[in-house]
Structure formats: structure tokens, C-alpha cells
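The structure under discussion appears below in the form of C-alpha cells.
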Protein chains: 2
Amino acid sequence: MLGDDKSAEGRFGEYLKEQDLKFTQDRRLILREISRMDEHFHAEDVVERLRGRGAHVSRASVYRTLPLLVESGLLREAPSPEKPSHYEPVVGSEHHDHMVCTECGKLIEFHDPELERLEGEICRRAGFRPRFHKVEIYGWCEECEAREAGRMEARESEGNGHGK
Amino acid sequence: MLGDDKSAEGRFGEYLKEQDLKFTQDRRLILREISRMDEHFHAEDVVERLRGRGAHVSRASVYRTLPLLVESGLLREAPSPEKPSHYEPVVGSEHHDHMVCTECGKLIEFHDPELERLEGEICRRAGFRPRFHKVEIYGWCEECEAREAGRMEARESEGNGHGK
DNA sequence: GTGGTTGCAAATGATTTGCAGTCCC
DNA sequence: GGGACTGCAAATCATTTGCAACCAC
């Protein structure tokens with residue numbers, strides 16, 4: 001979640017002012033809806049939830065607002081092997097990264113301060129000023145790895161012993 | 001570049017066999033074209049270059065083949081703030097990651113063995129078997145940072161001293 | 001006031017897909 | 001031979017956009 005609405009609205013309001021943009025009713029509604037989500041979601045989810053709540057916010061407004069929320073640091077794009085862009089709330093300073101299982105699609109979140117430190121170090125060396133980052137490790141989760149190993153074993157004994 | 005065609009074709013052929021897929025003429029042509037690219041590119045680039053070369057490979061085949069090349073480890077998706085998916089060749093074991101300037105779009109490649117080691121360590125702890133990973137750091141490159149700093153200074157003195 | 005915003009629906013544009021004919025193993 | 005593969009063009013589908021009415025500041 002985005003923490004209490006107060007701080008999120010404050011942050012967003014600040015960002016909008018900086019950009020000479022307005023904190024309209026629609027933007028407020030979208031922000032509030034997103035504050036209630038703590039899973040990953042995509043644009044259409046927001047549209048549906050607002051509809052379900054009886055709020056009159058058009059699809060276009062949602063699509064126009066999500067990028068602003070990303071820019072303001074309240075949201076970030078989550079890794080999505082799928083087509084529609086996925087977002088996730090940024091919880092205060094609690095940052096995490098992802099491992100994505102390419103077999104079953106499971107998403108594992110992790111956080112490692114050492115990794116953060118190292119990245120900062122690398123940026124410093126490159127004269128680069130980091131604002132946010134994304135670390136995605138793709139591979140097999142424990143279960144899929146085990147399943148895969150089993151399958152491989154089976155294939156081997158089949159190949160060695162008796163032909164089919 | 002993908003190194004000499006031999007090893008790339010070997011690797012792709014192996015992958016295809018594993019998946020019970022065929023190493024067709026089209027797939028070979030696409031692989032060869034990609035072996036000649038060393039920049040980032042997207043699907044349409046491959047289509048155009050093949051066309052220009054007089055090869056009859058349909059757009060659909062290119063779109064169907066690129067994911068196979070990614071799966072086989074010969075290509076990987078590059079970070080793209082833009083819509084069309086971008087790819088880049090994987091050069092042997094030479095792995096690198098990216099810093100993306102959100103102002104000017106510049107892409108800075110970097111490689112850090114310590115970062116690799118640390119990620120491996122993190123995966124081990126999580127029981128996750130990594131196959132490949134992606135590190136993208138977004139922020140301001142040196143030039144944009146400087147420009148931004150200058151602008152901020154200007155704004156300040158404007159605010160303090162004399163009105164507009 | 002007046003410029004940014006919104007809603008709608010039409011436009012876009014990358015990617016996918018159905019299907020008949022073709023090719024690799 | 002038979003299942004994979006290909007080409008084509010039509011279909012998808014998330015996202016964007018033009019424009020007139022509207023609202024925050």
C-alpha cells in the first residue's frame with residue numbers, strides 16, 4: 001500500500017505543482033484507488049475498481065495518470081512477461097526487487113541492502129545520478145527446479161536403459 | 001555481435017532440437033541477420049534488413065523467431081522506454097547491464113563482477129536457480145544532471161533576487 | 001478567465017493468429 | 001509422410017489521441 005492517503009496525496013500534489021499540473025478530482029480518485037491496492041495491478045484493474053465503486057473516471061484518464069504517478073515516485077512498473085504494463089505501489093522507502101520464475105510465472109520479492117549500496121557505488125563511478133532502479137532475475141523457482149530435475153532424470157534413464 | 005556464425009548456429013540448433021523444433025531456412029536467415037547487428041534493434045529492423053537483402057522472410061516469421069532466440073540465450077530484451085520491444089545480441093559470456101537516462105534516453109552499458117557475484121549469492125539464499133538477469137538503473141546521465149543543476153540554479157536566483 | 005483536463009470514440013501500432021500450402025527430419 | 005513451419009492478411013488489444021466541453025487555480 002502507499003501508506004496513509006495524506007502522505008501520498010501530499011507527495012503527488014507536490015509533484016504536480018512542480019510540473020505546473022493540476023490536482024484534479026479524477027487524479028485524486030485514481031490515487032486513492034491505488035492506495036487501496038497492495039498487489040501488482042494494471043491499468044484496466046484500476047478502471048474496473050473505480051467503475052465498481054461508481055466513480056466516473058474514464059479509461060483515458062487512468063492511462064494518463066498512471067505515468068504521472070510513476071514519475072512522482074508513488075508507483076513503479078513491475079516486471080511483466082505479459083503484455084499489459086503492470087504497476088506496483090512504492091511503499092515509502094521499502095524498496096524491493098524481483099525474481100521471476102520463467103516456468104510458472106511466480107514472482108519472488110527480495111531486498112538486499114548490499115545490492116543497493118553496490119549499485120550506488122557503480123553509479124557514482126559512472127557519474128550517473130540514479131533515481132530508481134530495477135533488478136529482475138529470471139530463472140527457476142525451487143519447485144520448478146525440482147520438477148525439471150526430476151524430468152531430466154527420467155529422460156536419462158529412458159535413454160540409457162531400454163529404447164522406447 | 002553474436003560471434004562467429006558457427007557457434008551461434010550450433011547453439012540455436014541445439015536449443016531447437018531440445019524443443020523438438022526445426023532449424024529451417026527462415027530461422028537460419030534470421031539468425032544470420034542478427035549476427036550482423038551489434039546495436040540494439042527491434043523486430044522491424046530485422047524485417048527491413050532481410051528485405052533489403054532480398055531475403056523472403058515474412059514479418060510473422062521474424063516475430064515468431066525472436067522469442068526463440070531469446071529463449072536459447074542468443075538474444076536478450078534490452079530496456080526500452082519506447083513501445084516496440086528492443087533486443088540486443090548476447091556476446092558469449094560478456095554480460096552487461098544498463099543505466100538509462102530518463103532525460104535524454106542515453107543508454108550506458110556497464111559490467112560489474114561484484115554485482116554478478118552478489119546476485120548469485122542472493123539467489124542461492126532464496127533457493128532460486130538464475131538463468132539470466134536484468135539490471136536497469138534509471139536516472140540522469142552526467143550531461144543531463146549538469147543541465148538540470150544549472151536550470152535549478154537559474155530558477156533560484158530568479159526567485160530570490162528580482163522578479164521576472 | 002484560461003490553460004490544463006476530461007470523456008468519448010476513433011486511431012494507432014506492435015504483435016498475434018487462422019489457415020492453406022510448403023518444408024524439414 | 002507428417003508434423004512443423006511459413007506467408008498473408010485479418011484480428012487483437014493495450015495504449016494514445018483529437019476535439020469539444022469542463023474545471024482547478
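The sequence lines fix the lettering, A, B, ..., with proteins before strands; numbering per chain opens at 1. The structure presented is a predicted model; accordingly, all values stated were derived computationally and were not measured. When reading the values below, keep in mind they use all heavy atoms of this one structure, side chains included, and skip hydrogens, waters and symmetry mates.
Nucleotides of DNA chain C with any atom under 4.0 Å from a heavy atom of chain A span, from 5' to 3', C:dG3 to C:dC8.
Counting to the nearest Å, the C1' atom of D:dC25 and the CD atom of A:E18 are 18 Å from each other. Distance, A:F23 CZ to D:dA24 P: 12 Å, rounded to whole Å. What separates OH of A:Y87 from C1' of D:dA14 is a distance of 10 Å, to the nearest Å. Taking atom NZ of A:K22 as the reference point, atom P of D:dC22 lies 16 Å away to the nearest angstrom. Nucleotide D:dT12 holds its P atom 17 Å from the CD atom of A:E44, rounded to whole Å. One can place CD of B:Q19 at 13 Å from P of D:dA4, the figure rounded to the nearest angstrom.
Map B:A43 and B:Q25 each onto its nearest nucleotide of DNA chain C; the residue landing nearer the 5' end is B:A43.
A salt bridge links A:R125 with A:E121; the closest basic N to acidic carboxylate O contact falls under 4.0 Å.
Under the 30°/60° scheme for interplanar angles, the aromatic rings of B:Y138 and A:F132 are found to lie parallel.
Side-chain rings of B:H98 and B:H40 approach one another, their centers coming within less than 6.0 Å.
Counting heavy atoms from C-beta outward, B:H56 and B:D26 have side chains that stay 4.5 Å or more apart.
Proximity of residues 55-65 of chain A to DNA chain C (heavy atom under 4.0 angstrom from any strand atom) is restricted to A:H56, A:V57, A:S58, A:A60, A:S61, A:R64.
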